[in-house]
Enquirer: 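Below is the structure I would like to discuss, written out as structure tokens.
From a predicted model like this one, the values you see are computed outputs, not experimental measurements. Protein chains get the first letters and strands the later ones, always in sequence-line order, with residue 1 at the start of each.
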Number of protein chains: 2
Amino acid sequence: MKILIVEDEAKISDIVKAYLQREGYTVQVAPDGETALEQLKDGFDLIILDLMLPDMAGEEICEMIRRDSDIPIIMLTAKSDEEDRIKGLGIGADDYVVKPFSPRELVARVKALIRRTKGTRRTYSFNNRDLVIDTDRHEVMKAGRTLTLTPTEFKILNTIAERPGQVFTRLQLVNTILGYDFEGYDRTIDAHIKNIRHKIEDNPRKPEYIKTVYGVGYKFIGRLDED
Amino acid sequence: MKILIVEDEAKISDIVKAYLQREGYTVQVAPDGETALEQLKDGFDLIILDLMLPDMAGEEICEMIRRDSDIPIIMLTAKSDEEDRIKGLGIGADDYVVKPFSPRELVARVKALIRRTKGTRRTYSFNNRDLVIDTDRHEVMKAGRTLTLTPTEFKILNTIAERPGQVFTRLQLVNTILGYDFEGYDRTIDAHIKNIRHKIEDNPRKPEYIKTVYGVGYKFIGRLDED
DNA sequence: ATATAAATATGAAAATACTGATTGTTGAAG
DNA sequence: CTTCAACAATCAGTATTTTCATATTTATAT
């Protein structure tokens with residue numbers, strides 16, 4: 001997923017670039033309008049556009065882009081007037097963020113917009129993307145390989161991975177996954193845990209992710225990658 | 001174009017409603033969460049959601065909506081913390097506007113979001129033009145041969161192909177294709193999927209494009225061509 | 001250390017749930 | 001009146017979930 005930042009102040013573009021790269025985006029920076037229009041030919045999935053550029057107005061660039069492209073645009077600017085915002089959104093920007101801004105909020109807005117444009121992708125990962133859980137695709141990636149988990153397996157993994165370190169009793173898992181009305185036997189969970197381990201663990205006999213807490217239940221261990 | 005405002009303070013909803021109506025939108029107001037979820041069945045194109053409601057948290061409503069719908073959501077709230085904003089965008093909102101807000105800016109954001117949502121691609125193709133979807137002609141080309149899909153088949157294919165990889169539940173598809181008020185049986189989708197597969201798959205028994213996700217629904221798999 | 005009891009892991013069979021294909025009915029369009 | 005698409009219902013074939021019997025591991029008390 002490629003993002004172009006059009007911004008002349010290196011101080012700002014460096015920060016934004018760093019935050020976005022940490023999310024796995026490929027980022028390029030254009031310090032002025034001319035460079036931006038040149039680089040746009042490479043094809044990007046989103047543009048973050050500063051309105052105050054040395055050579056031309058950001059609004060002008062926005063209009064030029066909109067003549068032949070539908071690429072998502074986030075305007076980034078010190079102009080906080082209501083009029084400016086309305087004008088920015090009016091000429092085809094998708095979002096308008098005012099400086100000083102929070103880089104994390106900007107990233108959240110980038111994600112929301114990309115989700116809207118490309119399709120949802122709520123993903124979280126552990127241990128430098130060794131294990132990636134993608135809720136929208138209903139898939140889990142282990143060391144870059146895509147696994148398909150059954151619905152129950154997926155729910156169990158997703159439940160415990162959302163709270164790394166917290167122990168879940170079998171009863172809690174049965175209630176959450178199979179529902180409070182489930183009449184069966186709580187050792188069913190064991191069988192599912194076994195199957196999940198065979199799919200996600202390097203050595204299912206010495207699990208790294210799903211630990212057994214003797215006499216209590218199971219817990220998920222993993223370092224959540226920065227979001 | 002129908003918009004639902006979920007807001008308990010009449011003073012605010014009246015203003016927003018007036019501004020939106022002036023733009024030609026059809027507007028309905030729900031004063032609490034329960035009413036909102038009830039009214040949602042009527043099918044709206046966008047929701048403006050206050051987070052502080054008398055009966056339930058707006059975040060909760062947002063999550064419930066996102067379970068079976070991709071409708072655009074703008075959160076409207078007094079909570080201005082960075083954390084709240086990131087969380088709001090994280091659970092599937094498209095935009096987050098802080099009170100006190102400018103009604104005109106809100107309208108501009110509504111327009112920007114609707115433009116983004118409704119402006120879909122006209123024609124796009126997968127796997128080196130093996131499968132070409134042409135929205136205007138309502139036609140699909142498979143390996144150079146033109147197929148004619150029925151209206152429902154086309155809508156289903158178009159919906160899932162616009163977001164390759166994302167799983168769609170039958171309920172989501174029913175809501176999107178047949179409307180929220182549709183009372184029928186969601187297994188109907190299966191029959192349509194079967195028919196689509198017979199038209200676009202080389203071997204409908206081993207589908208390459210439309211994959212079944214057991215216990216969840218269907219997803220479209222394909223490499224979108226660059227152009 | 002070792003024995004013992006208790007808890008967990010495993011593999012395979014049985015029970016259940018889900019999908020895909022078939023068929024028939026309904027309703028709308030020409 | 002005919003045709004075609006949409007929807008509903010059914011059934012057989014699969015995939016998944018659950019159970020159960022057995023093996024293995026763990027905790028604890030000698």
Side-chain angles (χ1 to χ4, degrees), chain A residues 138-140 147-160 167-179 181-220, chain B residues 138-140 147-160 167-171 173-220:
Chain A
H138 225 256
E139 276 175 3
V140 173
L147 314 172
T148 307
L149 273 68
T150 67
T152 304
E153 287 166 10
F154 192 83
K155 272 189 235 164
I156 291 176
L157 178 61
N158 200 40
T159 302
I160 62 176
V167 184
F168 290 82
T169 66
R170 290 179 180 72
L171 190 59
Q172 281 176 333
L173 289 173
V174 164
N175 287 343
T176 315
I177 311 297
L178 285 352
D181 51 342
F182 179 76
E183 291 291 324
Y185 170 63
D186 67 352
R187 289 289 159 166
T188 294
I189 296 295
D190 297 28
H192 290 299
I193 293 285
K194 186 206 73 177
N195 294 329
I196 298 169
R197 281 176 172 157
H198 275 272
K199 292 182 182 179
I200 70 168
E201 299 282 4
D202 292 321
N203 178 2
R205 296 309 196 91
K206 297 193 67 163
E208 290 296 319
Y209 282 112
I210 301 181
K211 299 281 192 184
T212 302
V213 182
Y214 190 92
V216 186
Y218 299 96
K219 68 175 165 185
F220 182 92
Chain B
H138 244 244
E139 273 177 3
V140 174
L147 314 171
T148 308
L149 273 67
T150 68
T152 305
E153 285 167 10
F154 189 82
K155 270 192 235 166
I156 291 176
L157 178 61
N158 195 220
T159 301
I160 63 176
V167 182
F168 290 81
T169 65
R170 290 178 180 74
L171 188 60
L173 290 172
V174 165
N175 286 345
T176 317
I177 311 297
L178 287 348
Y180 280 90
D181 50 342
F182 179 79
E183 290 293 324
Y185 185 54
D186 66 355
R187 284 322 173 104
T188 293
I189 296 294
D190 295 28
H192 293 300
I193 292 286
K194 190 210 77 179
N195 294 330
I196 298 169
R197 280 178 174 156
H198 275 273
K199 293 181 182 178
I200 70 168
E201 299 281 4
D202 292 321
N203 178 2
R205 297 308 200 87
K206 296 191 71 159
E208 290 297 320
Y209 284 113
I210 301 182
K211 299 280 191 185
T212 302
V213 182
Y214 189 96
V216 186
Y218 298 96
K219 68 176 161 185
F220 183 93

Enquirer: Please give, in whole Å, the distance from C:dA12 C1' to A:Asn195 CG?
Expert: 12 Å
Enquirer: Run the side-chain contact (heavy atoms from CB on, under 4.5 Å) test on B:Phe220 and B:Leu157 for me, step by step, so that the C-alpha distance in whole Å, both residues' side-chain angles and the decisive distance to 0.1 Å come before the verdict.
Expert: CA-CA 8 Å; B:Phe220 183 93; B:Leu157 178 61; 3.9 Å; yes
Enquirer: Mind checking A:Ile193 for me? I need base, sugar-phosphate or nothing, with any heavy atom below 4.0 Å counting as a touch.
Expert: nothing
Enquirer: Considering just the side-chain nitrogens and oxygens of A:Arg187, establish if one lies under 4.0 Å of OP1 or OP2 belonging to D:dT19.
Expert: no
Enquirer: OP1, OP2 of C:dT19 versus side-chain N and O of B:Arg170: anything below 4.0 Å?
Expert: yes
Enquirer: What is the distance from NZ of B:Lys206 to P of D:dA15, rounded to the nearest Å?
Expert: 11 Å
Enquirer: How many Å lie between CD1 on B:Ile196 and C1' on C:dA21, as a whole number?
Expert: 15 Å
Enquirer: Does a salt bridge link A:Lys194 with A:Glu153, judged by any charged N lying under 4.0 Å from a carboxylate O?
Expert: no
Enquirer: For D:dT16, does either OP1 or OP2 sit under 4.0 Å from a side-chain N or O belonging to A:Thr150?
Expert: no
Enquirer: Is the phosphate of C:dA9 approached by A:Tyr218 (side-chain N or O, under 4.0 Å from OP1 or OP2)?
Expert: yes
Enquirer: Find the distance A:Asn203:CG to C:dA9:P and express it as a whole number of Å.
Expert: 14 Å
Enquirer: Would you please confirm or rule out a distance under 4.0 Å between OP1 or OP2 of D:dT17 and any side-chain N or O of A:Thr152?
Expert: yes
Enquirer: Check the distance between D:dT22's C1' and A:Lys194's NZ and give it to me in whole angstrom.
Expert: 13 Å
Enquirer: Indicate yes or no: at least one non-hydrogen side-chain atom of A:Thr152 is less than 4.5 angstrom from one of A:Leu178.
Expert: yes
Enquirer: Starting at atom NE2 of B:His192, determine the distance to atom C1' of C:dA21, rounded to an integer number of angstrom.
Expert: 15 Å
Enquirer: State whether A:Tyr185 places a side-chain N or O below 4.0 Å from either non-bridging phosphate oxygen (OP1 or OP2) of C:dA15.
Expert: no
Enquirer: Could you walk me through whether B:Lys219 and B:Phe168 pass the side-chain contact (heavy atoms from CB on, under 4.5 Å) check?
Expert: CA-CA 6 Å; B:Lys219 68 176 161 185; B:Phe168 290 81; 5.6 Å; no
Enquirer: Just the rounded figure in Å: distance from C1' of C:dT19 to NZ of B:Lys211.
Expert: 15 Å
Enquirer: Over how many whole Å does the gap from B:Asp190 atom CG to C:dC18 atom C1' extend?
Expert: 9 Å
Enquirer: Check the pair A:Ile200, A:Ile210 against side-chain contact (heavy atoms from CB on, under 4.5 Å), reporting the backbone distance first and the verdict last.
Expert: CA-CA 9 Å; A:Ile200 70 168; A:Ile210 301 181; 4.2 Å; yes
Enquirer: Measuring from the side chain of A:Phe182 (C-beta onward, heavy atoms only), which nucleotide among D:dA8, C:dA6, D:dT18 has the closest atom?
Expert: D:dT18
Enquirer: Need one value for A:Phe154: base, sugar-phosphate or nothing, where a base atom within 4.0 Å counts as base even if backbone is also close, heavy atoms only.
Expert: nothing
Enquirer: Regarding A:Tyr218 and A:Arg170, is there a side-chain donor-to-acceptor distance under 3.5 Å anywhere?
Expert: yes
Enquirer: Both A:Ile189 and B:Glu153 contact DNA chain D. Taking the nearest nucleotide for each, which residue is further toward the 5' end?
Expert: B:Glu153
Enquirer: If you pin A:His198 and A:Val216 to their nearest nucleotides in DNA chain C, which one's is more 5'?
Expert: A:Val216
Enquirer: Taking OP1 and OP2 of D:dT24, is either one under 4.0 Å from a side-chain nitrogen or oxygen of A:Arg205?
Expert: no
Enquirer: Look at B:Thr212 and C:dT19 and indicate whether a side-chain polar atom (N or O) is within less than 4.0 Å of OP1 or OP2.
Expert: no
Enquirer: Among C:dA6, C:dG20, D:dT18, which nucleotide sits nearest the side chain of B:Arg197?
Expert: C:dG20
Enquirer: Between D:dT19, D:dA8, C:dT8, spot the one nearest the side chain of B:Ala191, thanks.
Expert: D:dA8
